[in-house]
Amino acid sequence: MIRINDILEKINSYLPDADTSLVEKAYIYSAKVHAGQTRLSGEPYLSHPLAAAYILAKLKLDMPSIAAGLLHDTIEDTLATDKELEEMFGKDVALIVDGVTKLSKIEFQSRVHKQAENTRKMILAMSKDIRVLLVKLADRLHNMRTLGYQKERKRIKIARETLDIYAPLASRLGIDWIKRELEDLAFYNIYPEEFQALRKQVEERLGERKVYVEEVKDLIAHKMADFGLSCRVLGRPKHLYSIFRKIRTRNVSLDQVYDLIAFRIVLNTAKECYEALGIVHSLWKPVPGRFKDYISLPKANMYQSLHTTVIRPYGDRMEIQIRTEEMDRVAREGIAAHWLYKEGRTVKKEQERQFDWLQQLMEWQKEVDDPREFLESVKMDLFPNEVYVFTPDGEVKEFPSGATPVDFAYAIHTEVGHHCAGAKINGRMVPLRYQLKNGDVVEIITSKQHVPSRDWLKLAKTSRARARIRHWIKTEEREKSLALGKDLCVREFRKRRLDFSELIRDKGAEVAQALSFKTLEDLMVAVGYGKVSSAQVAGKFAPPEKAEESPVPYEKSSKEARRSRKKRRQGILIHGLDDIMIHLGRCCTPVPGDDVVGYITRGRGVTVHREDCSNVRNMDPERRVDVTWDVSEVENFPVRIKVGTADQKGMLAAVSNAISVSEANILKAKVTTTPDDRALFSFVVEVSDGDHLRKVFSGIRKVEGVIMVDRATAG
């Protein structure tokens with residue numbers, strides 16, 4: 001367990017003359033208010049804020065940041081108030097703690113709303129003071145280190161959130177060691193069996209390559225010395241999650257991952273870096289398209305380095321990074337390398353670029369009403385993998401990998417985006433689906449006749465473009481739904497011999513509020529979307545005598561009602577809607593235990609999708625409804641899975657047997673082979689819930705020769 005003296009010693013190592021009284025005072029207060037509280041591990045609760053504060057000291061932060069680390073859970077978990085913290089520790093500390101505090105006392109419609117609103121609050125607080133994020137990262141890192149005491153489902157949920165939000169945020173701030181540790185800890189908790197197997201395999205291969213690594217390091221060092229360059233040469237294995245991700249995305253085995261070890265050459269000046277690059281390319285043949293110059297074009301987090309991949313005589317590849325000592329320090333420590341809060345210290349002009357992405361996020365969040373959209377925007381913008389292109393005037397624009405001319409058009413101006421008809425890249429016409437490449441000169445062609453379509457959401461990669469397109473579509477669809485809603489109501493009223501215009505004028509606002517809508521227009525839009533039936537609206541307007549004349553509905557027997565309800569609901573509860581058909585999405589085949597969302601389809605009721613289904617991204621937020629599982633009886637659900645294996649005799653039988661042993665029924669099976677001696681099996685199996693599916697996965701992974709197993713979507 002970390003002690004206060006460990007924190008004070010760490011502070012003195014980088015700020016020998018610092019006044020640590022604020023930190024000591026925060027420690028005493030935190031110990032007092034957390035007294036008697038314990039963690040799931042059985043340790044005193046104080047061990048957590050102490051560990052978080054130590055991580056902040058390791059990041060070389062200032063006294064208010066470290067004090068906030070000690071106090072970050074006081075408002076949420078004790079009787080302390082933000083006013084009390086401000087009086088005792090100052091406004092800076094109080095604001096940081098408030099920014100980190102979760103919105104635990106507010107009831108949200110769903111787990112996604114809660115996660116989205118927590119993230120939105122954190123982003124808002126970050127925009128005012130980046131130290132909020134640094135404290136939150138320290139908090140999350142220690143929680144991930146001690147995640148083993150949580151229940152399995154909660155472990156997986158927290159680990160996925162860490163991969164989606166916190167590891168990319170650490171990457172955006174350039175804090176490489178935190179990003180790597182968060183990713184590996186998340187990997188361990190989501191895929192424990194794959195983690196252990198991969199770690200064992202990697203350790204075996206690294207042991208075999210120990211001599212090889214030393215030989216390469218010595219060769220590079222001697223060659224640099226021959227040209228009068230003094231340098232440090234490091235050989236470091238890639239972290240497990242990056243290897244795992246490469247294996248999954250490329251569907252290869254570990255033997256086909258050639259760059260397990262990345263070599264780094266650290267020199268004194270940028271000029272020497274380019275000289276070293278020439279020497280490396282004279283030693284080994286460079287792989288075309290695998291060179292990146294982040295020195296002349298730094299990443300958004302100010303990361304600088306030269307990256308190249310070369311081929312050794314026996315055909316294996318090596319990744320080599322070349323940078324200066326200062327660049328190496330920034331790469332390891334990120335923002336902490338030059339963002340040290342001391343009295344009178346200000347951020348240099350060239351460092352302000354680090355926070356451009358944060359300011360853009362802040363602008364976009366103002367335009368997004370649905371918290372799920374905002375969360376998607378955050379996730380999207382945290383995976384930059386930048387592409388740099390130029391305007392015709394020579395201005396540099398930065399976009400995520402895969403961005404298209406649509407993204408470029410909206411980056412220029414909303415109206416340019418809305419009326420984008422085509423694009424010229426380097427003087428040649430290209431389709432809007434063209435993916436921008438480094439160095440492209442982009443010119444947008446506009447036409448008043450061209451307007452956005454829903455297909456553009458598949459082309460756009462940036463939050464700005466997607467938010468603008470969605471807003472345009474939402475406005476257009478609202479107008480169409482308003483007209484449709486009025487038309488449906490007019491017909492229904494006419495059928496009941498009611499005067500639509502007169503009744504709407506006299507009682508419209510009153511009925512709208514009775515049905516929980518702010519305005520009559522909102523009610524008509526809801527009718528058009530299918531959220532409210534025209535019969536339901538007409539029923540509210542019908543005079544009492546007419547209501548009495550209405551035919552009495554047929555009363556079903558209790559047995560018929562149960563059968564009907566089971567057929568209609570399929571174990572799903574819909575918040576705020578009743579008597580509506582429900583379908584489970586065939587694209588993502590959700591099962592009980594999955595986080596799900598409903599989508600209203602005109603004429604077909606509600607389709608239920610997994611929240612991570614790719615189709616959910618393109619849904620109109622107005623048609624989304626919150627749904628939850630309500631499985632009262634044991635019921636089986638079809639789910640698609642994919643299994644990658646070595647292409648050898650008996651694999652289909654072995655995998656099928658593992659599924660059967662796991663008490664799951666196979667509905668469909670399809671086998672394909674790949675040119676690299678791999679087999680890919682696609683199954684549709686019946687399972688009762690998420691736990692049953694995990695049992696099936698565990699059984700398949702135990703089959704010798706299986707490389708990967710995962711959920712699949714309809715192709």
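In this chain, residues are counted from 1 in sequence order. Since the structure is predicted, the reported quantities are computational estimates derived from the model, not experimental observations.
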Does the side chain of Ile322 come within less than 4.5 Å of Leu267's, by heavy atoms?
yes

Mind checking what makes ring pair (Phe, Tyr, Trp, His ring centres under 6.0 Å) contact with His281, not counting sequence neighbours?
none

In sequence, state the C-alpha distance, the side-chain angles, and the governing distance for Ile311 and Trp284, and then conclude on side chain to side chain contact (heavy atoms under 4.5 Å, CB included).
CA-CA 6 Å; Ile311 303 175; Trp284 300 293; over 6 Å; no

Side chains of Ile444 and Phe408, heavy atoms from C-beta outward: is any pair under 4.5 Å?
yes

Minimum heavy-atom separation for Ala68 and Ile96, please, with both atom names.
CB-CG2, 3.5 Å

I'd like to know if the side chain of Thr324 reaches the main chain of Asn268, judged simply by a donor and an acceptor atom lying under 3.5 Å from each other, with no hydrogens or angles considered.
no

Between Lys461 and Gly402, which heavy-atom pair has the shortest distance, and what is it?
CG-O, 3.2 Å

Results of side-chain hydrogen bond (donor to acceptor under 3.5 Å, both in side chains) for Thr391 - residues two or more places apart only:
none

Would you please test Arg199 and Gln201 for side chain to side chain donor-acceptor pair (under 3.5 Å) and show each step?
CA-CA 5 Å; Arg199 182 168 67 175; Gln201 288 178 295; over 6 Å; no

Using the side chain to side chain contact (heavy atoms under 4.5 Å, CB included) rule, take Leu306 and Tyr274 through it: C-alpha gap first, then chi angles, then the decisive distance, then the call.
CA-CA 8 Å; Leu306 299 176; Tyr274 288 101; 3.8 Å; yes

For Lys217, does the NZ atom have more than 12 heavy-atom neighbours from other residues, nucleotides or ligands under 6.0 Å away?
yes

Roughly how far apart are Arg678 CZ and Leu680 CG, rounded to 0.5 Å?
12.0 Å

Rounded to the nearest 0.5 Å, what separates atom CZ in Arg464 from atom CD1 in Ile469?
11.5 Å

Any Leu137 side-chain heavy atom under 4.5 Å of Ile55 side chain:
no

Taking ring pair (Phe, Tyr, Trp, His ring centres under 6.0 Å) as the definition, give me every residue that meets it alongside His142, ordered by chain and number, with sequence neighbours left out.
His48

Would you call Asp92 and Arg131 a salt bridge, using N to O less than 4.0 angstrom?
yes

Side chain to side chain contact (heavy atoms under 4.5 Å, CB included) for Met224 and Ile265? Distances and angles first, verdict last.
CA-CA 10 Å; Met224 295 298 156; Ile265 306 171; 4.0 Å; yes

We want to know whether Thr673 and Asp647 form a side-chain donor-acceptor pair, criterion being a heavy-atom distance below 3.5 angstrom.
no

Whether the side chain of Asn426 engages the backbone of Val441 through a donor-acceptor N/O pair (distance < 3.5 Å, no angle test) should be reported.
yes

Just jot down the side-chain hydrogen bond (donor to acceptor under 3.5 Å, both in side chains) partners of Asp218, sequence neighbours excluded, or say none.
none

So do the side chains of Ile295 and Cys273 get within less than 4.5 Å of each other, counting heavy atoms only?
yes

Closest heavy-atom contact between Pro405 and Leu432?
CD-O, 3.4 Å

Does some side-chain heavy atom of Met144 sit less than 4.5 Å from a side-chain heavy atom of Ile158?
yes

Check residues 4-11 and write down every donor-acceptor pair under 3.5 Å in which the side-chain atom is one partner and the other belongs to a residue at least two apart or another chain.
residue : atom : partner : partner atom : Å
Asp6    : OD2  : Arg3    : N            : 2.9

Any idea which heavy atoms bring Pro286 and Thr308 closest together, and the distance?
CB-OG1, 4.4 Å

Mind checking the NE2-NZ spacing from His72 to Lys136? Nearest 0.5 Å is all I need.
7.0 Å

Sequence neighbours left out, what passes side-chain hydrogen bond (donor to acceptor under 3.5 Å, both in side chains) with Lys271? Give chain and number order.
Glu275

Sequence neighbours excluded, which residues qualify as side-chain hydrogen bond (donor to acceptor under 3.5 Å, both in side chains) partners of Arg205?
Asp255

Flag if over 12 foreign heavy atoms under 6.0 Å of NZ, Lys458:
no

Listed pairs under 3.5 Å, donor-acceptor, residues 175-192 side chains, sequence neighbours left out:
residue : atom : partner : partner atom : Å
Glu181  : OE1  : Arg145  : NH2          : 3.2
Glu181  : OE2  : Arg145  : NE           : 2.7
Glu181  : OE2  : Arg145  : NH2          : 3.3
Glu183  : OE1  : His239  : NE2          : 2.6
Asp184  : OD1  : Leu240  : N            : 3.4
Asp184  : OD1  : Tyr241  : N            : 2.8
Asn189  : ND2  : Leu185  : O            : 2.8
Tyr191  : OH   : Arg248  : NH1          : 3.0

According to side chain to side chain contact (heavy atoms under 4.5 Å, CB included), who are the partners of Ala411, at least two apart in sequence or on a separate chain?
Phe399

Would you say Arg466's side chain and Ala460's backbone share a donor-acceptor pair under 3.5 angstrom?
yes

What closest approach, in Å, do Leu70 and Val23 show between heavy atoms, and which atom pair accounts for it?
CD1-O, 3.5 Å

Calculate, to the nearest 0.5 Å, the distance between atoms CD1 and CD1 belonging to Ile279 and Ile220 respectively.
10.5 Å

Arg323 CZ to Tyr303 OH distance, which is reported to the nearest 0.5 Å:
3.5 Å

State, yes or no, whether a side-chain contact exists between Glu194 and Phe244 at a heavy-atom distance under 4.5 Å.
yes

Sequence neighbours excluded, the answer for side chain to side chain contact (heavy atoms under 4.5 Å, CB included) partners of Leu283 is Lys223

Are side-chain heavy atoms of Leu134 and Leu61 found at a separation under 4.5 Å?
yes

Check the pair His307 / Phe291 against ring pair (Phe, Tyr, Trp, His ring centres under 6.0 Å), numbers first and verdict last.
CA-CA 6 Å; His307 288 198; Phe291 168 67; 9.2 Å; no

Can you name the residues that form a ring pair (Phe, Tyr, Trp, His ring centres under 6.0 Å) with Tyr434, not counting sequence neighbours?
none

Between Glu326 and Gln304, is there a side-chain heavy-atom distance shorter than 4.5 Å?
no

Derivation of the side chain to side chain contact (heavy atoms under 4.5 Å, CB included) call for Leu56 and Val135
CA-CA 7 Å; Leu56 294 166; Val135 175; 3.9 Å; yes

Atom pairs and distances, side-chain donor-acceptor, residues 226-233, under 3.5 Å, sequence neighbours left out:
residue : atom : partner : partner atom : Å
Arg232  : NE   : Glu325  : OE2          : 3.0
Arg232  : NH2  : Glu325  : OE1          : 3.0

How long is the span from the CD atom in Glu319 to the CD1 atom in Ile261, to the nearest 0.5 Å?
11.5 Å

What closest approach, in Å, do Ser305 and Gln321 show between heavy atoms, and which atom pair accounts for it?
OG-CB, 3.8 Å

